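Proteins get letters first, then strands, A, B, ... in listed order; numbering begins at 1 in each. Source: prediction; values computed, not measured.
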Amino acid sequence: MSWAWGAIVFWLLAWAANHFVAKRWPRARWARFFVPALFGITLLILWEGIVRGLEVSPVILPAPSMIAVRFAEATGVLWEDFAQTILKGALSGYLIGCGAAVLVAVLIDRSPFLQRGLLPVGNFVAALPIVGIAPILVMWFGFDWHSKAAVVVVMVFFPVLVNMVAGLKATDHLQRDLMATYSASYLQSLVKLRLPAAMPFLFNGLKIATTLALIGAIVAEFFGSPTRGMGFRISTAVGQLDMPLVWSEIAVAALAGTGFYGLVALIEKAVTFWHPSQRAGGH
Amino acid sequence: MTAIPVIEAEALDLTFQTNDGPIHALKDVNLTIGKGEFVSFIGPSGCGKTTFLRCIAALEHPTGGTLRVNGMTPDEARQARSYGYVFQAAGLYPWRTIAGNVKLPLEIMGYPRAEMNARVEKVLELVDLAGFGKKFPWQLSGGMQQRASIARALAFDADILLMDEPFGALDEIVRDHLNEELLKLWARTEKTIGFVTHSIPEAVYLSTKIVVMSPRPGRITDVIESTLPKERPLDIRDTPEFLEIAHRVREGLRAGHAYDE
Amino acid sequence: MTAIPVIEAEALDLTFQTNDGPIHALKDVNLTIGKGEFVSFIGPSGCGKTTFLRCIAALEHPTGGTLRVNGMTPDEARQARSYGYVFQAAGLYPWRTIAGNVKLPLEIMGYPRAEMNARVEKVLELVDLAGFGKKFPWQLSGGMQQRASIARALAFDADILLMDEPFGALDEIVRDHLNEELLKLWARTEKTIGFVTHSIPEAVYLSTKIVVMSPRPGRITDVIESTLPKERPLDIRDTPEFLEIAHRVREGLRAGHAYDE
Amino acid sequence: EDVTLQLKWVTQAQFAGYYVAQEKGFYGEEGLNVTILPGGPDISPTQVMAGGGADVTVDWMPSALAAREKGLPLVNIAQPFKSSGMMLTCLKESGVTSPEDFKGKTLGVWFGGNEYPFLSWMSTLGIATDGSEGGVEVLKQGFNVDPLLQKQAACISTMTYNEYWQVIDAGISPDELITFKYEDEGVATLEDGLYVLEQNLADPAFEAKMVKFVRASMKGWKYAEENPDEAAMIVLENDETGAQTETHQKRMMGEIAKLTAGSNGALDEADYARTVKILMAGGSDPVISSEPTGAWTHAISDKALQ
Amino acid sequence: MTKSILPVLTVLAAIVAVWYLAAVWLNSQWVYDQAARAGTEVGFSEMVAQTMAQERPVLPAPHQVAAGLWDGLAGQKVTSKRSLVWHGWITLSATLSGFALGTAAGLLLAVGIVHSRAMDMSVMPWAIASQTVPILAIAPMVIVVLASIGVKGLLPKAIIAAYLSFFPVLVGMVKGLRAPDAMQLDLLSTYNASGSDTFWKLRLPSSMPYLFASLKVGIAASLVGAIVAELPAGASAGLGARLLSGSYYGQTIQIWAALFAAALLAAVLVALVGLIERVSLKRMGIAR
Ligand SMILES: Nc1ncnc2c1ncn2[C@@H]1O[C@H](COP(=O)(O)OP(=O)(O)OP(=O)(O)O)[C@@H](O)[C@H]1O
Ligand SMILES: Nc1ncnc2c1ncn2[C@@H]1O[C@H](COP(=O)(O)OP(=O)(O)OP(=O)(O)O)[C@@H](O)[C@H]1O
Ligand SMILES: Cc1ncc(C[n+]2csc(CCO)c2C)c(N)n1
Ligand SMILES: [Mg+2]
Ligand SMILES: [Mg+2]
């Protein structure tokens with residue numbers, strides 16, 4: 001019990017510390033890492049304290065310390081699964097899906113007819129739950145990572161398409177009129193106006209797609225896989241009551257997802273440096 | 001001044017269809033602008049000045065009457081790249097530097113690289129922005145942005161320059177300076193200029209012809225041919241001739257307004 | 001005119017920290033404004049006029065010097081709801097009607113309902129927008145929106161009215177009209193007014209004191225006390241006295257500029 | 001008295017005895033109010049037990065013993081299934097004729113606690129399952145028999161009472177198939193038994209409740225064996241997904257009856273010993289590493305069946 | 001609205017055509033295999049006919065799915081376990097309660113983030129990380145853990161649905177509540193408006209378009225969450241259970257029918273939110 005109370009006290013102290021840091025150094029670079037890190041550590045300690053304090057069975061919820069130990073032991077397996085699921089399945093699906101979506105968005109951009117027809121249908125398709133699509137795609141594309149990539153393609157395609165189409169429309173009247181007075185060709189106004197203007201929207205879609213890609217690749221493995229991969233490992237480890245391994249895999253997923261998201265956000269910052277949302281704090 | 005007509009509007013009519021019902025923005029507008037003229041449009045807010053300029057540049061299409069530019073339709077004239085247009089707002093592309101923005105029309109029209117750079121430098125100097133080429137638009141004040149957009153329109157050789165309140169956001173001194181520069185440029189290049197302004201002295205100082213408009217539906221109520229000489233020092237603004245024209249413009253404007261003091 | 005001082009700035013300094021390095025926006029600004037004065041600020045774009053007004057309204061905080069408003073700090077004065085502020089852009093809330101926008105400060109300050117409605121009606125009339133109360137902002141032209149924002153600042157009883165180029169987007173006739181109305185209002189209410197403008201005649205016509213500023217860092221280069229009477233018909237603008245003051249302002253402005261014709 | 005039973009899989013004739021006992025009022029007669037929770041691929045009965053979500057669960061012995069080693073002390077209190085229904089079903093055209101031919105082939109295997117019998121079998125055969133040279137390629141088989149139909153695998157795991165018939169229903173005739181029953185290969189492990197947590201068993205009231213429960217359940221099983229069609233219909237009524245078909249369930253009940261035949265509900269010690277031996281035989285990586293103790297008890301079944 | 005009917009129909013027609021072609025192509029292998037097993041030959045037209053009417057096709061033909069869907073929606077009593085309406089209803093109830101929970105959580109967090117810099121800095125990165133956790137993987141554990149503390153029935157499903165739907169609401173509302181520009185905030189500042197005045201009179205109204213956009217995403221996400229949660233929730237009713245049991249028995253037509261029922265439900269829910277959006281934005285005067 002004292003563990004649980006200790007954790008709660010720590011939580012309150014950390015919260016106060018974060019408040020102080022955030023007030024005192026709101027813009028400092030180190031604070032941007034310190035505050036969320038302390039928050040995360042607090043969550044872990046709270047978790048550890050509650051698990052220990054209430055003596056929760058490790059078969060139900062292992063303590064972070066146990067997970068950390070298992071993680072260290074299983075790095076080989078974790079890496080193999082990471083390579084299979086994320087590097088092969090999620091990444092290739094992400095690249096293909098996003099690439100195709102951008103291409104299709106540019107292609108249908110000239111045809112309002114196609115847009116009016118495709119977007120509602122696209123929204124409908126995007127609403128198809130993956131748990132339904134995944135078995136079908138596994139049936140079509142086989143057990144290995146190709147079917148996982150296919151699931152990812154399906155999942156990321158429409159969010160990116162919708163954002164890109166919106167982005168291509170995001171130029172204002174004035175900007176387009178300017179191109180008109182130059183009598184610019186379609187290609188010229190696409191390259192010099194519409195594509196740059198679409199970037200903030202595109203990156204919105206690309207960021208959403210990162211988490212979707214990860215979830216898609218992992219979940220698809222529940223419906224058939226070779227004997228490696230994060231989804232495979234999670235489902236078998238649950239059967240073996242190896243919860244620390246399950247949580248290690250989840251930790252890998254969360255780390256990879258956050259890293260992937262952060263990477264895309266970084267590229268976004270570089271590409272759309274000019275957008276007001278990236279200039280907050282400047283002028 | 002009966003030069004070759006560059007812009008000929010005959011019984012021009014334009015009605016916008018909006019969901020509140022139609023808005024009659026231009027009604028029976030007749031106007032001929034000769035080559036090399038400097039024409040100012042003045043009139044209360046919402047009287048259709050911008051709309052008329054946009055019709056000339058083929059950005060709007062009249063719903064009645066005829067409009068010819070260099071003997072062609074406005075659309076054909078646009079394809080011949082006859083226009084430089086300065087919009088009421090600067091409208092710079094935020095992802096391009098100032099130099100990049102000025103270069104934009106040159107890229108589109110396919111100027112050789114060396115000439116592009118020379119031209120960009122020249123026009124930036126003209127509007128007093130030399131040294132700011134590498135900045136991004138949001139790093140400049142509103143007035144500087146507006147000057148950059150003027151530079152952009154001057155960078156290439158359009159016969160017809162259409163300017164919609166280009167100097168609205170500038171202070172009087174800069175404005176005077178740019179007025180003078182504009183006059184010099186006009187004298188040198190013999191461009192035909194259409195110029196919208198709210199300032200009566202500015203209109204009188206710059207123009208060979210002042211078009212007074214009144215709202216709705218937008219009509220031309222007066223066309224005043226300037227009797228001022230082509231050579232105009234700034235202090236011409238204190239001459240009786242100048243004040244006389246300014247008075248006539250003011251009267252024309254006042255007639256279109258609701259309040260009469 | 002040695003009235004009770006309402007605004008006292010002493011050695012005011014303001015530096016913005018940006019990622020391109022610091023910008024020294026105001027430097028050693030000393031100014032005293034007495035109760036009931038009408039003070040215009042004029043100066044080239046980017047010289048710190050807006051920044052100074054914002055300091056008075058406690059929207060920026062000076063990095064040096066002292067600033068007192070009604071003997072309090074600007075923050076305390078704001079808490080006492082001493083300010084009406086008209087921004088450079090209209091900034092109406094698009095989800096509120098024009099009347100709703102004007103009512104906004106009254107709601108926040110907790111006026112009784114009946115009085116709110118009476119006040120809204122009165123100020124809308126004052127800016128010639130009677131009958132437009134139920135419209136939404138985007139249904140009005142830019143000039144009308146700007147007038148609505150003026151009405152919003154006039155709706156409640158602030159001692160100090162700060163106006164940042166309120167008439168920039170208006171044509172000369174409307175501008176003249178509103179200038180007159182503003183003078184009447186000022187005479188009637190004895191408010192202290194800080195007013196930014198780019199127009200020399202406007203500054204001279206309205207003010208009891210004209211502050212000329214120069215850029216960077218923004219400093220006050222001249223403070224001109226107007227010798228014009230309090231009662232000012234529009235044609236006072238043709239009197240030699242008026243032109244004399246205007247000339248002095250122009251010279252002060254020119255001194256701050258790079259080009260000397 | 002309330003009892004919650006966690007099934008190993010979705011509602012189907014595999015669990016007919018419990019549904020029959022429920023519908024026929026056998027539980028009621030004992031004064032029990034039984035809630036039957038269906039399982040599924042996402043439900044791990046052992047985990048549900050650990051979480052206290054059920055009093056008693058239907059599980060396979062390999063998975064229960066593995067859980068016991070992991071620190072979840074499950075105890076077998078009754079064993080309605082005498083024989084194993086598990087087999088590998090192969091397409092003849094894949095060229096598999098005997099277990100020797102598995103090498104180099106792709107085999108579909110269920111995971112999630114159902115992989116132990118397969119792994120034990122392979123290690124007795126000395127065939128590697130880790131994808132190394134000369135071993136078999138193992139696929140994590142999904143929920144259905146598609147891998148065989150799509151020829152993604154040479155063999156897949158099937159149960160005599162369920163998946164095998166799905167293959168047949170899909171239009172493949174029995175003589176195109178070759179099957180390897182675990183029972184025939186001498187690697188049969190005990191399937192559906194009833195398991196409870198050891199610490200609960202210490203409570204006499206709980207023990208008494210389980211006695212009643214096992215007694216009524218076995219009554220249900222015997223009734224189901226004698227009236228397979230009626231039992232199948234009872235199962236069908238209890239299927240909330242509405243996905244089961246009458247023909248399939250009737251056929252399944254017929255097959256299930258073959259597996260329950262020969263069990264009166266008490267665990268046969270010889271079967272237990274065989275299961276443990278197979279599970280421990282797994283070469284370098286056995287399913288369980290040491291002889292379990294206290295993993296079963298006759299205390300309940302003795303009282304229930306006296 | 002009417003302007004898009006023709007394009008949508010055209011696109012649908014194209015999709016159906018491609019679908020039929022794909023069905024013939026994907027299912028033909030089976031027809032040929034069967035013929036080979038039976039030792040007979042099939043002609044092309046015979047093959048096509050057979051691909052349209054298989055019991056467990058690789059890809060069911062559109063009319064088969066339509067028939068399955070129709071049978072599930074209209075061919076059964078709504079209380080029947082074979083009725084998609086019945087299963088849809090079960091899923092809908094979890095979806096809506098999850099959506100309510102998720103929206104409330106997203107709103108509260110967003111308000112906190114906008115008002116507290118500490119929360120902004122600490123919560124946001126973890127909210128993003130939370131969404132990279134594969135929910136299907138932890139759903140069974142969530143259900144078990146909740147069951148062990150006595151939470152059963154609708155609530156665990158709703159919590160998983162909420163887990164997926166709070167994120168879009170959070171992101172959208174943080175953006176929306178920050179949408180007012182500096183001048184709009186300065187204006188209130190000159191009135192010395194209180195924090196709550198700023199919230200109710202400025203931040204909330206200007207966030208409305210963002211709110212509705214994220215509610216649309218959120219309700220679709222909530223549906224996905226409810227379906228996912230049905231798999232391990234033990235209760236084997238609902239569209240998710242239907243998908244899974246179809247998958248378990250290789251009944252492709254049942255899978256596709258359930259899939260379309262789910263998408264249809266999502267479309268209806270999103271359209272409903274859209275309707276509320278249009279009405280309320282119009283009343284607020286934001287919609288033009
Ligand atoms: N796209 C449009 N749709 C509907 N009405 C329009 C549109 N553009 C302009 N109008 C209307 O047409 C009229 C003329 O507008 P215009 O912009 O030409 O005025 P203006 O003389 O340029 O005014 P300002 O001095 O304020 O710029 C106005 O009443 C305006 O509301
Ligand atoms: N928030 C800010 N951050 C950084 N620099 C700023 C900020 N606000 C203003 N500045 C800079 O301070 C200087 C003064 O700006 P200010 O807006 O006061 O000028 P102004 O006199 O009002 O000009 P204008 O006539 O164009 O409105 C300018 O150089 C401007 O770039
Ligand atoms: C993913 C998955 N895992 C395991 C099984 C196997 N399984 C669990 S209980 C049971 C008995 C009757 O079908 C069987 C075969 C499956 N089918 N799918
Ligand atoms: Mg205009
Ligand atoms: Mg300013």
Next on the checklist: Tell me whether B:Phe132 at atom CZ has more than 12 heavy atoms from other residues, nucleotides or ligands lying less than 6.0 Å away.
Outcome noted: no
Next on the checklist: For a side chain to side chain contact (heavy atoms under 4.5 Å, CB included) check, start with the C-alpha distance between B:Trp95 and A:Leu193, then their side-chain angles and the critical distance, and finish with the verdict.
Outcome noted: CA-CA 9 Å; B:Trp95 53 86; A:Leu193 172 58; 3.7 Å; yes
Next on the checklist: For B:Glu190, I'd like to know if atom CD has over 12 heavy atoms of other residues, nucleotides or ligands within 6.0 Å.
Outcome noted: no
Checklist entry - If you look only at pairs with a residue in residues 32-60 of chain B, which of them pass as a ring-ring contact (aromatic ring centres under 6.0 Å, His included), with sequence neighbours excluded? => result B:Phe38-B:Trp186, B:Phe38-B:Phe195, B:Phe41-B:Phe52
Checklist outcome for this item: Of all heavy-atom pairs linking A:Leu178 and B:Gly91, the shortest is CD2-O, 4.3 Å
Item to check | Closest contact, heavy atoms only, A:Gln188 versus B:Ile108 | outcome: NE2-O, 2.8 Å
Item to check | Qualifying ring-ring contact (aromatic ring centres under 6.0 Å, His included) pairs with a residue from residues 174-203 of chain A, counting only residues at least two apart or across chains | outcome: A:Tyr182-B:Phe156
Next on the checklist: Using only atom types and a distance under 3.5 Å, with no angle test, would you say the side chain of B:Tyr93 pairs donor to acceptor with the backbone of A:Gln175?
Outcome noted: yes
Checklist entry - What parts of residues 57-79 of chain B touch chain A if we use heavy atoms and a cut-off under 4.5 Å? => result B:Leu59, B:Arg78, B:Gln79
Item to check | Spacing of OG1 belonging to A:Thr181 relative to CZ belonging to B:Phe87, to within rounding of 0.5 Å | outcome: 5.0 Å
Item to check | Heavy-atom contact with chain A under 4.5 Å, split by part of B:Leu92 | outcome: backbone
Next on the checklist: Report, in residue-number order, which members of residues 83-107 of chain A are under 4.5 Å from chain B by heavy-atom distance.
Outcome noted: none
